[in-house]
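In this text, all values refer to a predicted model and were calculated from it rather than measured experimentally.
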Amino acid sequence: MTFLTGWESVAIMAEEAKFPKKRIGTVVILSIVIAAVYYISVLLSSAWVYPWQQTAGMQMGTIDAFKAAGFPILSVFAYAISFLGLATSAMTLFTAASRLVFSLARARILPQRFTKVHPKYGTPVNALCWS
């Protein structure tokens, strides 16, 4: 349910990073490894507690499988984690949209007022505020 949501934020937020640019590649690889371990763990645990053939037919998959297997607390955690994944996607979309507006303004496709950068934080102020 949270498949491929939020992990792309590492690449999008790299410009805001406060550590050396050479480490960004390491962070991206590490986030991919963490994501793989997480998704494999969720799939294996779900398959371990309930038959995958029946889980595949359920409306909310892993969440319903944990409930049906008698682990309602795990289903609540799975639901919360899926919500956090969607929230992370929304945050990434907001960041990517402002960066896109900023880039288009730099290319003179959008008005130049969107190229204003905050002097202290280096963020595209007008692209974020849409003013």
Trainee: Are Phe114 and Arg106 close enough that some pair of their side-chain heavy atoms sits under 4.5 Å apart?
Mentor: no

Trainee: Just verifying a value: how many Å separate Leu104 CG and Ile109 CD1, rounded to the nearest 0.5 Å?
Mentor: 5.0 Å

Trainee: So, the side chain of Asn126 versus the backbone of Arg113: is there a donor-acceptor pair under 3.5 Å, distance only?
Mentor: yes

Trainee: Using the side-chain contact (heavy atoms from CB on, under 4.5 Å) rule, pick out the option among Val117, Thr123, Val125 that qualifies with Tyr121.
Mentor: Thr123

Trainee: Going by heavy atoms in the side chains, are Phe66 and Val76 under 4.5 Å from each other?
Mentor: no

Trainee: Test your reading of the model: is there a side-chain donor-acceptor pair from Gln112 to the backbone of Ala105, 3.5 Å cut-off?
Mentor: yes

Trainee: Measure the spacing between CE of Met60 and OH of Tyr79 and express it to the nearest 0.5 Å.
Mentor: 6.0 Å

Trainee: Give a yes or no on this: more than 12 heavy atoms of other residues, nucleotides or ligands lie within 6.0 Å of atom CG of Leu44.
Mentor: yes

Trainee: How many angstroms lie between CD1 in Ile63 and OG1 in Thr55, if you round to the nearest 0.5 Å?
Mentor: 12.0 Å

Trainee: What is the distance from atom OH of Tyr38 to atom CG of Leu43, rounded to the nearest 0.5 Å?
Mentor: 9.5 Å

Trainee: If you round to the nearest 0.5 Å, how far is CG of Leu74 from OG of Ser45?
Mentor: 7.5 Å

Trainee: How many angstroms lie between CG in Leu30 and CZ in Arg23, if you round to the nearest 0.5 Å?
Mentor: 10.0 Å

Trainee: Count I, L, V, M, F, W, Y as connected when their side-chain heavy atoms are under 4.5 Å apart, and connections chain through other members. Are Trp48 and Met58 then in the same cluster?
Mentor: yes

Trainee: Tell me the closest heavy-atom pair linking Ser46 and Ala65, and the distance in Å.
Mentor: OG-CB, 4.2 Å

